[in-house]
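Okay, so here's the structure we're looking at.
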Amino acid sequence: MSPSDQRDVIVIGGGVIGLAIGWQAVRRGLLVTVLDPAPGTGASHVAAGMLAPVTEVGYAERALLRLTMAAAQRYPSFVAELAEATGMDPGYRTCGTLAVAMDAGDVAALDELFGFQQELGLPVERLAGRDCRELEPMLAPGVAGGLLVPGDHQIDNRRLVAALLAALTASPGARLVRQPAAGLLVDGNRAAGVVLPDGSELRAGTVVLAAGHASAGLPGLPEPVRPPIRPVKGQILRLRLPGIYRQALSRTLRGLSRGNSVYLVPRADGELVVGATVEELADHEVTAGGVYQLLRAAHEVFPLVAELELVESIAGVRPGTPDNAPLLGPTELPGLVLATGHYRNGILLAPITADLVTDLLATGTLPDLAKPFQLDRFVPKRVVELSRIG
Ligand code: GLY
């Protein structure tokens with residue numbers, strides 16, 4: 001590449017996070033290259049597309065909740081902007097979510113979650129089993145209780161990624177390079193670009209690392225700025241609701257059945273996404289045990305599952321972090337910005353991540369909302385040794 005190819009920003013990784021950042025950065029007037037050998041085919045392709053900050057709130061994740069709630073609020077305007085830019089429908093569905101419990105232990109777990117959600121002032125309603133079946137008549141008769149979360153929606157992640165790719169590639173200031181980054185280029189004491197597999201260099205003022213579970217393995221990353229990311233495998237299924245059953249499930253369903261959790265995400269076109277395993281593995285194999293676990297739990301809460309065509313089984317690898325929250329913002333290596341580690345929230349967090357990171361790229365200042373998610377939260381605090389008083 002010639003020196004005239006110098007860009008403002010290189011984004012390593014063309015998943016939903018990298019594509020969203022690339023597109024938003026171009027809209028802010030920056031010259032951007034997104035680098036990925038197969039954009040949009042990783043975890044973003046495998047995902048279910050749940051936008052569920054309330055249903056998925058974790059007990060030790062209050063800071064993350066602020067981000068996920070802001071992310072959900074940003075979704076309608078983001079998809080409207082994307083639809084306007086591309087003429088494509090990203091499949092955003094404001095259907096709400098119903099979480100149901102089957103046995104007494106599951107009900108106890110659901111009530112504990114409900115208590116926590118109430119403490120946080122989140123919009124959620126506790127329902128008896130019969131109320132759940134009134135809302136969704138094809139639920140299993142044994143459903144013992146539930147939580148209705150009217151604001152937890154969904155998006156078709158594959159349509160979203162296709163629209164982002166179209167928006168990015170149609171933008172004059174953007175370039176998509178379908179190659180992997182063979183390494184980070186460090187010049188003096190700053191990140192200066194990437195090295196491509198043929199040894200050539202691609203230079204930019206800022207490099208955004210958005211490579212999901214592969215982020216930690218990027219060659220050339222200085223050790224102090226290597227993100228603490230581990231692979232967390234998820235297996236997921238896609239079933240098809242035939243014409244007569246197209247409306248058999250009108251909202252996202254989360255089930256807790258004898259301690260096993262499962263989610264069923266119905267698309268408007270009859271696709272039913274059933275997920276997902278959570279395995280501390282890095283491979284992409286679909287296993288009989290994984291499929292069995294998902295189908296068994298799904299069937300226990302929604303028996304119609306047994307009648308449906310199994311269209312696809314697939315596995316992806318999520319980028320897990322020690323506290324389940326993403327890594328956002330600048331690092332100790334000038335010129336290197338992180339936008340990775342989104343774990344189970346990549347689709348939900350893509351628009352807000354793009355806003356926050358693009359603000360940083362355009363203004364040099366990281367917005368307050370992103371500050372709790374910087375890499376330095378994992379840097380061990382300096383231990384002050386006290387001398388013994390003798
Ligand atoms: N966000 C859904 C999953 O990771 O399974």
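Hydrogens, waters and symmetry mates play no part in the numbers below; they use all other heavy atoms, side chains included.
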*asked:* Test of understanding: clusters of I, L, V, M, F, W, Y form through side-chain heavy atoms closer than 4.5 Å, transitively. Do L168 and I155 belong to the same one?
replied: yes
Group every Ile, Leu, Val, Met, Phe, Trp and Tyr by side-chain heavy-atom contacts under 4.5 Å, then state whether V46 and V291 land in the same group.
no
- prompt: Does CD belonging to E312 count more than 12 external heavy atoms closer than 6.0 Å?
  reply: yes
Taken to the nearest 0.5 Å, the spacing of I229 CD1 from H213 NE2 works out to 10.0 Å
(request) Please report the C-alpha distance between I347 and Q154 in whole Å, then the side-chain angles of each, then the deciding distance to 0.1 Å, and finally whether the side chain to side chain contact (heavy atoms under 4.5 Å, CB included) criterion is met. (result) CA-CA 9 Å; I347 304 295; Q154 58 146 306; over 6 Å; no
*Would a 4.5 Å heavy-atom cut-off, applied to side chains only, mark Y75 and P351 as touching?*
yes
So CG of L30 and CD1 of I21: to nearest 0.5 Å the spacing works out to 12.0 Å
Notebook entry, point to check: With the 4.5 Å side-chain cut-off for hydrophobic clustering, are V26 and V208 part of the same group?
Noted result: yes
| field | N-O pairing of D359 and R28 below 4.0 Å | value | yes
Between the CG atom in N345 and the CZ atom in R318, the distance rounded to the nearest 0.5 Å is 10.0 Å
Is atom CD of Q118 surrounded by more than 12 heavy atoms (other residues, nucleotides or ligands) closer than 6.0 Å?
yes
Would you call E119-R62 a salt bridge at under 4.0 Å N-O?
yes
* With a cut-off of 6.0 Å (strictly less than), are more than 12 heavy atoms of other residues, nucleotides or ligands near OH of Y245? -> no
If you measure from the Lys or Arg side-chain nitrogens to the Asp or Glu carboxylate oxygens, is any gap between E56 and R344 under 4.0 Å? no
Checklist entry - Hey, any chance L333 and L361 share a hydrophobic cluster, counting ILVMFWY side chains that come within less than 4.5 Å of each other, even indirectly? => result no
Any non-hydrogen side-chain atom of V311 less than 4.5 Å from a side-chain atom of L239? no
Do NZ/NE/NH1/NH2 and the carboxylate oxygens of R178 and D36 come within less than 4.0 Å?
no
dist L184:CG -> I12:CD1 (nearest 0.5 Å) comes out at 6.0 Å
> So do M69 and L122 actually touch side chain to side chain, heavy atoms under 4.5 Å?
Replying inline: yes
**Asked** Parallel, tilted or perpendicular: which describes the rings of Y59 and F116, with under 30° parallel and over 60° perpendicular?
**Response** tilted
* To do: Begin with the C-alpha distance, continue with both residues' side-chain angles, and end with the deciding distance and a verdict on side chain to side chain contact (heavy atoms under 4.5 Å, CB included) for L135 and L148.
  => CA-CA 10 Å; L135 284 176; L148 180 63; 4.0 Å; yes
Between L160 and F78, the two heavy atoms sitting closest are CD1-CE2, 4.4 Å
Practice prompt. Evaluate side chain to side chain contact (heavy atoms under 4.5 Å, CB included) for N260 paired with R296, printing each intermediate quantity in order.
Written response: CA-CA 9 Å; N260 298 309; R296 185 185 56 185; 3.5 Å; yes
**Asked** Can you find a side-chain donor-acceptor pair between E279 and Q235 that sits under 3.5 Å?
**Response** yes
Residue pair D103 / S257, side-chain heavy-atom distance below 4.5 Å: no
One should read off an interatomic distance between S313 OG and L237 CG, to the nearest 0.5 angstrom, of 6.5 Å
- Query: Salt bridge between D269 and R246, side-chain N to carboxylate O under 4.0 Å?
  - Reply: no
Are E61 and N324 linked by a side-chain donor-acceptor pair shorter than 3.5 Å?
-> yes
Exceeds 12 heavy-atom contacts within 6.0 angstrom, atom CD of E84 = no
Check: Is any NZ, NE, NH1 or NH2 atom of the basic residue among R267 and D156 found under 4.0 Å from an Asp or Glu carboxylate oxygen of the other?
Finding: yes
- With a 4.5 Å heavy-atom cut-off, do D89 and R159 have their side chains touching? yes
Contact check, side chains of T86 and L164, non-hydrogen atoms, under 4.5 Å:
no
With side chain to side chain contact (heavy atoms under 4.5 Å, CB included) as the test, would you mind laying out the steps for L185 and L202 before giving the verdict? CA-CA 8 Å; L185 181 64; L202 200 54; over 6 Å; no
Between E271 and R158, does any side-chain N to carboxylate O distance fall below 4.0 Å? no
Check your understanding: Do V11 and T33 come close enough that some side-chain heavy atom pair is under 4.5 Å?
Key -> no
When rounded to the nearest 0.5 Å, the distance separating CZ of R251 from SG of C95 is 8.0 Å
**Message:** Less than 4.5 Å apart, side chain to side chain, heavy atoms only: is that true for L110 and E112?
**Reply:** no
K233 with E285: basic N within carboxylate O range, under 4.0 Å | no
